[in-house]
Number of protein chains: 2
Amino acid sequence: MVISERKKKILAAVVDEYIRTAEPVGSKAIAQSGELHCSSATIRNELAELVSLGYLEQPHTSAGRVPTPMGYRMYVNELMAKQKMSLEETEEMNRRLNQKLQELDDTIRDVSKLASQLTDYPALALTAQSSVTVKRFDLIYVDANTFILVLMLSSNAVKSKLVHLPVSVDADMVRRLSTLFNASFTGVSEQEITPALIHATERAADDSLGLTAVISAFVLETLGEANTPTAFLSGENRLLNQPEFRDPDKAHKLMSYLSGGGYILPAAESLGGSDEVRVLIGPENVAEELKDSSVVIASYDAGDNTRGLIGVVGPTRMDYSAVAAKLSFLAAGLSRRLGGGEAPPAGMHNKLIIKEIEDGHERRKG
Amino acid sequence: MVISERKKKILAAVVDEYIRTAEPVGSKAIAQSGELHCSSATIRNELAELVSLGYLEQPHTSAGRVPTPMGYRMYVNELMAKQKMSLEETEEMNRRLNQKLQELDDTIRDVSKLASQLTDYPALALTAQSSVTVKRFDLIYVDANTFILVLMLSSNAVKSKLVHLPVSVDADMVRRLSTLFNASFTGVSEQEITPALIHATERAADDSLGLTAVISAFVLETLGEANTPTAFLSGENRLLNQPEFRDPDKAHKLMSYLSGGGYILPAAESLGGSDEVRVLIGPENVAEELKDSSVVIASYDAGDNTRGLIGVVGPTRMDYSAVAAKLSFLAAGLSRRLGGGEAPPAGMHNKLIIKEIEDGHERRKG
DNA sequence: TGTTGGCACTCTCTTCTTACGAGTGCTAAT
DNA sequence: ATTAGCACTCGTAAGAAGAGAGTGCCAACA
């Protein structure tokens, strides 16, 4: 379906204006905006055709025009001005991205907050679904009843846990376990850690105390957490800024849906490979609750050939241009920081190191 | 000001009914409820007096009565039935509290979520403001450019971090640093870690690579995080369930205030020592934004002589009785698990008891 | 053939009016 | 002191009327 250049201009004008005012746009307003050099009557004719083509609709007979999802789609694909962010904005975003290069989850949480603040819509961020393995184990002997378990993952994250036992273990046992785990659990995927493997290890360690079980439980839990995509949602309340959510019921429904997190899996699956920003308009969304909202999604390179995503939710009357620009920038910033990780230094895998440091510190009672 | 027994009964009936229906309560409704053995005319007389005493008010001349904050206060202090939770509720709560005895922050976050779900109001949870110190250091040598830093805190939390260096260190240096830090940084409060101390350590370690700086920075950050009270907010959107927040502006204002977290410090300061549940009704709140909402707060023993808190925010027409009961139960449950450091919770799986999990996470820059 | 001004028409939104009813306060009777 | 009865008040729901924005269409025009 080819439509004339002028129709496109008019459509763009309608969408722009509607995004700005949230009110149906009349022919007069467009004529006066000065973009087109023709009268309101001409524009009325064009508008009527745009309606019959399905790009616009009228709330009622004598109201202005409002874009349909199809109209928005056309706008997003072809018409909208690719917005550049101002220098200040770019700097501000860079500053805030740089500020905290910390624990991954926290970074992602902050990014979702940032996205929400920048766009003034609710924002969500998803960590990547990956397949992390354990790179090395360390067990630190603390006292007869206690040791610290340290895991270094293939993603170079480090997780640790204090294990307190009702029975005594000796340093030797701890050392033996450490060797064993480094030998048989490193580089192994979550799925490969079977009960059989655990049992074998337990027997090999001559472990009657159930330490093996505890350790492998922690390993499984840690890998599970690291591999499962998690979502962070920020600024839900910004929905209420939008006139389309003045109806508390509507707002509540969408907010509950978002808080519920039911979108996580579908979203994680839809992860495309590109850095491109995708826009899902109204009924293009699968979830019933989003049928008259829009979602803008950018994905970022999280390293290890995995991708996470940042998204923003709002009414279909969303400032696509600005939001897309901002998300794209954010995603690029994240990719730069997380992605493309050069291979971690090799040759450390089967090294075993147990630190035993003189201790003599007592646990302080609370 | 002493008021008659019958007035109290009537006041209680008004509050109960108003909590239930959110509509002004008329004399007829009270007479029919059967509690009192007198006619609606008598009740009208009493109601008129209760109004002039300041316990009730009328939205307009010919409407029913609505409790004033003073009325709610009287209700909370003297009249309300101390609600017992049903057996199922208690069990459900216990089950969910036991479910995850994990990293502290997560526990608290879960508790706030739990509180919100149980009460159907937004809930917040604050971690305790404490003065944690480092109990022991471990440095795990990974390779020439990398080591893992593990901190065990006085709270028995364990934090770890991967440190990647642009220069080479030898295992000996790492060992030396470890000894030094254990000697001079353990048991030391955040405030006592001065630049002078850091410098002294750096010289003693003969550290020209700046490792001391990196390590002490992490220590300071970790202690800072552990000591600063943090708030978790859940279920903000439940506000929209309440008829008094059908006005989106009102709802939005309060939600923004809550999300902003500005209440954290005042709240943390107001921490009383007792296990008692406190109720702040409408204008009793300091924050302007809460002037016509109510807050119910319970505090829990977080160990180390510190206390955190769980709270619930809602309209003044809140089901104080039920909320108080639930929060009190939750707080008691938390205290039992976190506080005192004495007997660990019963009913844990296995023969091993997991005291606490902490984690750290570091990503290499891409 | 495309464009424009004019005009009657449609439909929503606001304002005004009216009617209703819940709940009151007062009074007189018990 | 309590109660029944009754007139009164006032907010709310429902209906009516007017205003205004915007349209569709037609006839004139370039």
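Proteins get letters first, then strands, A, B, ... in listed order; numbering begins at 1 in each.
- The CD-C1' distance, from A/Q58 to D/dG24, rounds to 10 Å in whole Å.
- Between the side chains of B/S33 and B/E17, no donor-acceptor pair of N or O atoms lies under 3.5 Å.
- With DNA chain D read from its 5' end, the first of the two nearest nucleotides for B/S40 and B/H60 is the one closest to B/S40.
- Closest to the side chain of A/R44, out of D/dC25, C/dC11, D/dC10, is D/dC25.
- Within residues 23-32 of chain B, the residues having any heavy atom closer than 4.0 Å to DNA chain C are, in order of number, B/G26, B/S27.
- Between B/T42 and D/dT3 there is a side-chain polar atom (N or O) within less than 4.0 angstrom of OP1 or OP2.
- Remark: P of D/dG22 and CD of A/E57 are 17 Å apart, rounded to the nearest angstrom.
- Closest to the A/C38 side chain, of the nucleotides D/dT23, D/dC10, C/dT4, is C/dT4.
- In this structure, B/E57 does not pair ionically with B/R65, as no charged nitrogen and carboxylate oxygen lie closer than 4.0 Å.
- Checking the phosphate oxygens (OP1, OP2) of C/dT3, no side-chain nitrogen or oxygen of A/S39 falls inside 4.0 Å.
- The nearest whole Å value for the distance from the CD atom in A/E49 to the P atom in C/dT3 is 10 Å.
- Straight-line distance from the CD atom of A/E46 to the P atom of D/dG22: 19 Å, rounded to whole Å.
- One atom, CG of A/N45, and another, P of D/dG24, lie 9 Å apart when rounded to the nearest Å.
- B/S62 contributes a side-chain N or O that forms a donor-acceptor pair with the base of D/dT9 under 3.5 Å.
- Scanning atom types as modelled, no donor and acceptor separated by under 3.5 angstrom connect the side chain of B/R65 and the base of C/dG25.
- Side chain to side chain, A/Q117 and A/R238 fail the donor-acceptor criterion of an N or O pair below 3.5 Å.
- Distance CG (B/L47) to C1' (D/dT3): 15 Å, rounded to an integer number of Å.
- Ion pairing between a basic and an acidic side chain is recognised when a charged N comes within 4.0 Å of a carboxylate O; A/K250 and A/E244 show no such pairing.
- Look at A/K8 and A/E78 and you find a salt bridge, because one of the NZ, NE, NH1 or NH2 atoms lies within 4.0 Å of a carboxylate O, short of that distance.
- With distances taken from any side-chain atom of A/A41 to the nucleotides C/dG5, C/dT10, C/dT24, the minimum falls on C/dG5.
- Between A/K253 and A/E289, none of the side-chain N atoms (NZ, or NE/NH1/NH2) sits under 4.0 Å from a carboxylate O, so this pair counts as no salt bridge.
- Distance from the side chain of B/R6 is smallest to D/dT2 among D/dC6, D/dT2, C/dG5.
- The interatomic distance linking A/I43 (CD1) with C/dT4 (P) rounds to 9 Å, in whole Å.
- With no hydrogens or angles considered, a side-chain donor-acceptor pair links A/S112 and A/S234 at under 3.5 Å.
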